[in-house]
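Every chain is numbered from 1, with letters handed out A, B, ... down the list of sequences.
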Amino acid sequence: MRILSTVQFTGLRMLRNYIVLLLLLVVPILLITVFSFILAGVETETGEKPLHGVVKIMVVSFQLFGGSIVMSYIQHEFFTAHRMRLNMIPIRKELYAFSIMMCGTVYSILLGVILMLYSQFALGIPWNWAWSIYVITLMAILSSIVCLIFALAVRSFKLAERLSEVYGVGFILLAGLFFPMPDNAFFDFMGSYGNPLMLAMLSIQAIEQSNAGEAWFTANILLGAVVLLFVLMLVLGRRRIG
Amino acid sequence: MQGVVKRYGNAVALDYVDLAIYEGEIVGLLGPNGAGKTTLIQTMTGMVPIERGTIKLFGQSNNPFTHANKEKLGLVTQEITVYDELTAKENLQFFAGVYGLKGSERKERVQEALAFVGLAEYADKVPTKFSGGMKRRLNIACALTHRPKLLIMDEPTVGIDPQSRNHILESVKKLQEQGTTILYTTHYMEEVQEIASRVVIMDQGQMIKGGTVDQLIQSIQHEERIHIDVADTSLLPVEQLQSIAGVMHVDVAGTRVTVISTAGSGNVDRILSLVKEYTGVLGIQTENPDLEDVFLTLTGKQLRDGGGEA
Amino acid sequence: MKAAMEPQLYVHTWRFLMVGVLCHLWVFGQDLTNVWILILLLLALACLRWRFALPLWTVVIDVCLCLVYAPYTTIGYYGLALPVFELAVRGRVLIAVLPFAILFLYEATPGLLFLFLLQALFVGLFAWAALGNQHSYKLEVDKQRKARYELERVKLELLEASESASQQAELMERYRIARQLHDHLGHDLTGASLALQAYVHMQEPEEARELLEEVQKRLERSTVNLRETVHNLTPVARIGVESLENVAQQFQYAAIRFHRSGDMLLVSAYQWTLLEACLKEALTNVARHSNATQVRVELQVTASIVRLLIHDNGTMTQPSLAGSGLRSLQMRARAMGGSFSISRDDGYLLVCVLPLSKEGAG
Amino acid sequence: MTVFRFVFLRSFRNTTNLIFLTLFPLVCIFMPQGDPWPVLPYGYQLFGVFLLFVSIRLASYIQVDRMSGVVKRLSIAPLSHASYLSQHLLAYLLIIMLQCVILVYGGVLYGQPLIQPFLLLILYISYSLAALAIALAWITLFRNKELAFFGFMSFVFLVSVLGGIIVPVSMFPEWLARIAVLFPTYWLAEGQLWIVYGNELGDFLFVNVVLWLYALVFMIIGSTRKLR
């Protein structure tokens, strides 16, 4: 149970990492506040408020970057600064890596929940709590796994960092949030079922329209991706760490 | 410089400081952290303005920091101030270029400086691949390409291996032989003792004492250090040791006890027999005083305790 | 923080604050986008004043800018607060009042504008006074310190003089003792010695007995004389290490341990005075300011130096630098070629080292 | 001009930097046209955000100089601080200008509807001057390179949203639209509007002058010589 005693300190380190707090908590709060000002009075013909969708997609999309916390901690502990020391410590390294991953994921989910709380109570955006948290959890785990795969597969930390940014920004772009994507089969797919961000959004929207079947379907695709990539991560991790 | 006063906020960092450096000297500047050494260097190179007093540089007292005068100044910074992206040679070329050297002259000087610090083989490597000592040497070389008349070295040997340090000290001596005047600040007394022709001790923004190393040691001459290696320090009668007549200071570090005592008092014998009563003695060694002791005797505090920032 | 008390900081902050107010006026006013240029220009000037000490005439630029825009926007009027402030900060009150004339041109309720310009004037004047105060304070402090250092130099010379005087006195005293011994004892002892020599060769028992009596009388007189001379020469006051010990013993505020080593007779009288003063000063400080319970006093005399160390276990550290008493001790120690240092890192630690010299002053 | 030459040497030594500097304008060229907003293709809109990032990357070299103490060393060399700064900024400006040229003339060759490419180039150059100055002022506020960079990132997000690069200002409520004017990014969007719809050259000049003023203000703030 030596691993458990490290969890507390991993958590503390994460809480005191102000850059992460700034980027993943303060910035989104400011951004959704600004958007709520901009889109305050806007309504579509059907009476829907586009603001709700925008805020939700922003909260979910920041989960794409949550994995970079895990990645930087794993890098620090296993490949760069603490590498030698860690080799000397009598703990099971794969368990330690796993605990770091869990911490990072939980932290990322926590930040997401804070954003949800803020948007619900300060801006009045209704959430379906249970389902949204489930989807956000899936997103956070997926993002952690993807970033870990980058960290394990690529030798240079800088490159892994860039790749994780590409993962985040890329899927936001593919979702067509900045500008519409070209209209062909590939981009259509990447703008819907091929894009974790869109899957999450579809799932949340489906549950709000009481379409449980669609909601489960999209969420299960995410879950499938998580399981698949987790296996891949284990294989890679065995090579680099174990 | 004369009667120089410098404040940071309301704190007086330099308090009517007088200091003269003559051509061809190596002046060692000593002082505990926060004594004003760095401020002194900053004022005498014109980095920060002074509030009162005059600074005379190469015989020029009003507006001494002209470009012509700056060309004769060199500074070896405490931090390693080289570009990581550039190779050793390019770094030198850059700093040589800043001092207005061009063409074949610059080429020669760069080669000369590289050879001088013993980095000629590594000319085309980037400093990120260097060891600590090599970085330090490159750092020094960067201040040499323009052949300064007055070279200011701000702790040039922090955190490096003994070999590199010896190399650096040798170079400093060589520079002096070539006619460079050097102001050298450091925490390491033995360095100053080895190379400085004159030592100045600063504290609380004031000059306390100056003179040659020998003069300073003379002033407390009759003291010696006795190092005793013992089997078990926990049994030591430190109180009793301190109460022996002539013992001034007892220090226990690891298995080694260091006693500073009056010389010629026959204390070695007394201390030894006292220690023997309590624990086994593994080795003994006596030492004559050095600058470290001068400082300890004068102020009762260790010069190096903080280390790091000056 | 000390920096928070710098008046210059407030001056800079106020400038940027005023630009902020102008921005606010712009955002909530109805002005055109063009007016934004005026604010940017004023901001640029404020930045320049922050970085460099611009000459005073540059306020003309501010005024011109404001006046050019004044017909189109009220911000032009409000912007005048900046030049008013700059003038007031430099103490040009009369010129600073001039922009108030613009109030007559202003159609809307001038009350608010008037108040705005007025606060600029007052803040400026206040800053002017504060800056002036600070400047003269610094000047005064430097002057006083310099005077003190001069005084100390003079004192140093005086001390050196008194040191040599005391040595002179010592020589004189020796001479006096020598003469007294010579006058009072020499005569009788020589006589006794001569008489004893004569006694050896004496034949007549009667004469010999008389001579012996004579010798006895002379020796008795010498003994009395010697006793008297010594009595007359012995000082009544405690001197040297005794007086130090005495001081230590009479100290009641904390447990004191006095520990000495070496040959105390090597230390000259004038050095004892200083050491005693040091001890007294240190103990007074302990009694007055410290919460120490134990004081350790060490006095070591070696062949070449005497070292006095006073160390207590107090935890109250006072940030104040050497007070006048300590400073004068420091000067006196230096005058004798010694050193004097204090540290408060771990309790209160005072170390005074004086060189001993057999011949002449050190 | 030693400083000037070595700035180039330093910036191009770093390969990721080089890729970052050339690839993005190329990508921007091929981004589609929006309807009805923005008035120019998306790439030309996002390039404004991108320029801010480039600026902070370049300016961070100056920050490294300040933190490592190179500035200290140079301050006792016969080289004034003004010339140190101006040579740096000039070199950076040249690098950025090169990107602008690639973007604008690449777009012309590709056939993007840029209306007045030359004036667009001038607008970009004015804007990049302001962006560089902002980055310079920004790094003077921070001691840590990482913190400065990530802080700037957040700043850029906000400024580009509020300045009307990501969302059109016309959608803003009245009071927010007025606040938007305070941000330099607004003037880039404004200038692009002029490129498409404007006809009076004076208005275009006005936009540029405002950008230059921003550059001036922030450059003054950023020009402090920090010696730790």
Neighbourhood of chain C inside residues 206-221 of chain D, taking heavy atoms under 4.5 Å as contact: D:Phe206, D:Val209, D:Val210, D:Leu213, D:Tyr214, D:Leu216, D:Val217, D:Ile220, D:Ile221

Parallel, tilted or perpendicular, as decided by the 30° and 60° cut-offs, for the rings of C:Trp36 and C:Trp26: tilted

Residues D:Arg10 and D:Asp65 bridged, charged N to O under 4.0 Å: yes

Check ion pair C:Glu86-C:Arg15 (N to O, under 4.0 angstrom): yes

Mutual orientation of the aromatic rings belonging to D:Phe8 and D:Phe4 [parallel < 30°, tilted 30-60°, perpendicular > 60°]: perpendicular

Side chain to side chain, C:Tyr78 and C:Leu117, heavy atoms closer than 4.5 Å: no

Carboxylate-amine/guanidinium contact C:Arg49 C:Asp62, below 4.0 Å: yes

